[in-house]
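Here is the structure we will look at.
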Amino acid sequence: MTPRLGARLVVAITPADVGKRVTTRRRVPGGHRDAVGVLESWHDGVLTVRKRDGSLVEIAEDTLAAAKVVPPAPPAPPAPPAR
């Protein structure tokens, strides 16, 4: 029988990471949801993450399954020239 290897989920962010780009995975009914963006705040057990599209995601701290700081997003590709 081959041993099964799995990823270890770790929450490696703190309130000191506000202002940094993070990736998060949280538990929701039926599975998990991910959010990547700038950690805007962390107050009273609730994190807020601003996604690239500008939307704000509120995450209860006790639902975090994994999270870490990630590098800044790559720049958006240039718009095609106007015709």
Side-chain angles (χ1 to χ4, degrees):
M1 182 170 181
T2 304
R4 203 172 141 197
L5 300 176
R8 192 175 96 207
L9 300 178
V10 175
V11 176
I13 62 173
T14 70
D17 293 314
V18 168
K20 297 178 182 174
R21 186 168 178 255
V22 298
T23 182
T24 63
R25 173 162 286 180
R26 65 193 182 278
R27 292 178 297 280
V28 296
H32 292 90
R33 295 286 308 257
D34 296 337
V36 177
V38 175
L39 180 60
E40 290 211 344
S41 67
W42 189 331
H43 295 291
D44 300 324
V46 177
L47 296 73
T48 54
V49 175
R50 176 83 54 188
K51 294 172 40 173
R52 179 180 258 190
D53 66 5
S55 63
L56 195 61
V57 178
E58 291 188 347
I59 303 167
E61 181 179 352
D62 62 356
T63 66
L64 282 175
K68 66 180 179 178
V69 174
V70 294
R83 290 185 180 208

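Of all the heavy atoms in Ala73 and Arg52, the pair that sits closest is CB-NH2, 3.2 Å.
The side-chain heavy atoms of Val22 and Leu47, taken from C-beta on, include no pair separated by under 4.5 Å.
One finds the OG1 atom of Thr24 at 3.5 Å from the CD1 atom of Ile59 (value rounded to the nearest 0.5 Å).
Arg27 contributes a side-chain N or O that, together with a main-chain N or O of Leu64, makes up a donor-acceptor pair within less than 3.5 Å.
Within the structure, the salt bridge (charged side-chain N to carboxylate O under 4.0 Å, His left out) test picks out no pair touching residues 57-74 (sequence neighbours left out). For residues 9-19, the pairs satisfying salt bridge (charged side-chain N to carboxylate O under 4.0 Å, His left out) are Asp17-Lys20, with sequence neighbours left out.
Hydrophobic clustering, with ILVMFWY side chains joined whenever heavy atoms are under 4.5 angstrom apart, keeps Ile13 apart from Val46.
Under a cut-off of 6.0 angstrom, the local environment of CG in Asp44 is sparse, with at most 12 non-hydrogen atoms contributed by other residues, nucleotides or ligands.
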List the atom pairs, with distances to 0.1 Å, where a side-chain N or O of residues 30-41 and a protein N or O form a donor-acceptor pair under 3.5 Å, not counting sequence neighbours.
{"residue": "Asp34", "atom": "OD1", "partner": "Arg25", "partner atom": "NE", "Å": "2.7"}
{"residue": "Asp34", "atom": "OD1", "partner": "Arg25", "partner atom": "NH2", "Å": "3.3"}
{"residue": "Asp34", "atom": "OD2", "partner": "Arg25", "partner atom": "NH2", "Å": "2.8"}
{"residue": "Glu40", "atom": "OE1", "partner": "Arg50", "partner atom": "NH2", "Å": "3.4"}
{"residue": "Glu40", "atom": "OE2", "partner": "Arg50", "partner atom": "NE", "Å": "3.1"}
{"residue": "Ser41", "atom": "OG", "partner": "Thr48", "partner atom": "OG1", "Å": "2.5"}

Working for side chain to side chain contact (heavy atoms under 4.5 Å, CB included), residues Val57 and Arg26
CA-CA 11 Å; Val57 178; Arg26 65 193 182 278; 3.8 Å; yes

